[in-house]
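Structure record follows, encoded as structure tokens.
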Amino acid sequence: MPELPEVEVVRAGLEPAVAGALVTAVEVFDQRSLKRHSALEGSFVDLLEGRRILAAARRGKFLWFPLSDAGGRAQALVTHLGMSGQVLLRTPGVEEGGLLRIRLHIEHPEHGEFWVNFVDQRIFGSMAVDSLVPTSDGHAGGYFGSAAAGAPARDSVSASATWTGPADARSADDWRMRVPSQVAHIARDPLDPAFDERRFFAALARRRTGLKRALLDQTLISGIGNIYADESLWAARLHYEYPTDRLARARARELLAEVRHVLEKALAEGGTSFDAQYVNVNGASGYFSHSLNAYGQQGKSCSRCGTPIVREAFMNRSSHLCPRCQRLPRAPRAESV
DNA sequence: CTTTCGCCCTGAGTGC
DNA sequence: TGCACTCAGGGCGAAA
């Protein structure tokens, strides 16, 4: 269940090995992993072989790797991990399991040769070569770590100083000011300095749905999945079906603050792992599963009030909450105006 | 337009 | 031991 923290751990781990590396060969073992690659763009393999990877970028749960210019085309390798995707950095020659879908052979001028193995059990993830289009708000396309202009080369995960600066600092054809076309409709994530809070609050108030559906809507706010939605709602003491249009602005601010806190804490702990489904680029697991307060905690005592956490069916999946801390507003219109 | 829902997919786990 | 069944859920396109 890779969400923003897990995807960022992958991005940060990949960056040193892929930024500046030449793609020497590409092997596709399962065409289904290319389902988001448009044939109109050209052949996936041909588009990659001989190109150089410029950086490792992320917005929400989407990863992309801007490619060196080829015939004036601004393109990137786009990767989504889906439910069970992994991008593993391997030493050439070492066998991978039967779930290997795509392999890139890369050669870095300083670090040498690697295999970038895209492993994906459920094939909800994908790789694609996609065109880069200018961002609609004039800000950087996403988070680039140390590739951000003028940023220090280290501490790429946590330092906000490594985000790219104002739009006028670069020309519009700079890949930093662009985003893959298939990511353009995805909202900025809450850790992005260009995340528009006013717009988010306004959109939330306009919605006529439950809070969790809104948090999971990647066109409203990106990077949040089932785990961090449940954790954020627990932290903010809000029920997952709390009507978005009845949430006071102050409570919405609290919720956004909890979302950020949960995501940052998970990032600091290397992401959440329950099994081998999510690992970093070296195949290691994160530690955030030890910090969960709601997700997967059904039957255990709420760490705030002691009431057993319950699990309820929600959108063909599940929601975990404390029935005492997280209640729906009692009477309709009780908190309106 | 907004919102919801069904589908994609397969290995691991469970129950008989 | 074997087999049928269930479960996990992100993103997207269709339906309401």
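We name chains A, B, ... by the order of the sequence lines, and we start the count at 1 in each one. Predicted model, so just to flag it, every value in this text is computed and none were measured.
Using a cut-off of 4.0 Å between Lys/Arg side-chain N and Asp/Glu carboxylate O, A/Asp189 and A/Lys61 are scored as not salt-bridged.
Residues passing the salt bridge (Lys or Arg N to Asp or Glu O under 4.0 Å) test with A/Arg317, sequence neighbours excluded: none. In this structure A/Glu96 satisfies the salt bridge (Lys or Arg N to Asp or Glu O under 4.0 Å) test together with A/Arg90, sequence neighbours excluded. Remark: A/Arg207 pairs with A/Asp217 by the salt bridge (Lys or Arg N to Asp or Glu O under 4.0 Å) rule, at least two apart or across chains. With sequence neighbours excluded, no residue forms a salt bridge (Lys or Arg N to Asp or Glu O under 4.0 Å) with A/Arg73. For the ring pair (Phe, Tyr, Trp, His ring centres under 6.0 Å) test, no residue two or more places apart in sequence or in another chain qualifies with A/His261.
Residue A/Leu215 contributes atom CG, which lies 15 Å from atom C1' of C/dG10 at whole-angstrom precision. As a whole-Å value, the separation of A/Tyr295 OH from C/dC7 C1' is 10 Å. Atom CZ of A/Arg213 and atom C1' of C/dG11 are 16 Å apart (whole Å). Per the geometry, CG belonging to A/Leu81 stands 12 Å off P belonging to C/dG10, to the nearest Å. Rounding to whole angstrom units, CG of residue A/Leu220 and C1' of B/dT3 are separated by 13 Å. B/dT4 atom P lies 12 Å from atom CG of A/Leu211, rounded to whole Å. Distance, A/Lys212 NZ to B/dC5 P: 15 Å, rounded to whole Å. Rounded to a whole Å, the CD atom of A/Gln218 is 8 Å from the C1' atom of C/dG10.
Judged by the 6.0 Å and 45° rule, A/Arg178 forms no cation-pi pair with A/Trp64.
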I'd like a table of atom pairs between the protein and nucleotides 6-9 of chain B - only N or O on both sides, under 3.5 Å - with the distance next to each one.
| unit_1 | atom_1 | unit_2 | atom_2 | d |
| --- | --- | --- | --- | --- |
| B/dC9 | O3' | A/Arg32 | NH1 | 3.1 |

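In this structure, A/Thr209 reaches the B/dT4 phosphate: one of its side-chain N or O atoms is under 4.0 Å from OP1 or OP2. For the OP1/OP2 pair of C/dG11 and a distance below 4.0 Å, the side-chain nitrogens and oxygens of A/His80 include at least one atom meeting the criterion.
You'll find that the side chain of A/Arg208 is closest to B/dT3, out of C/dG10, B/dT3, C/dC12.
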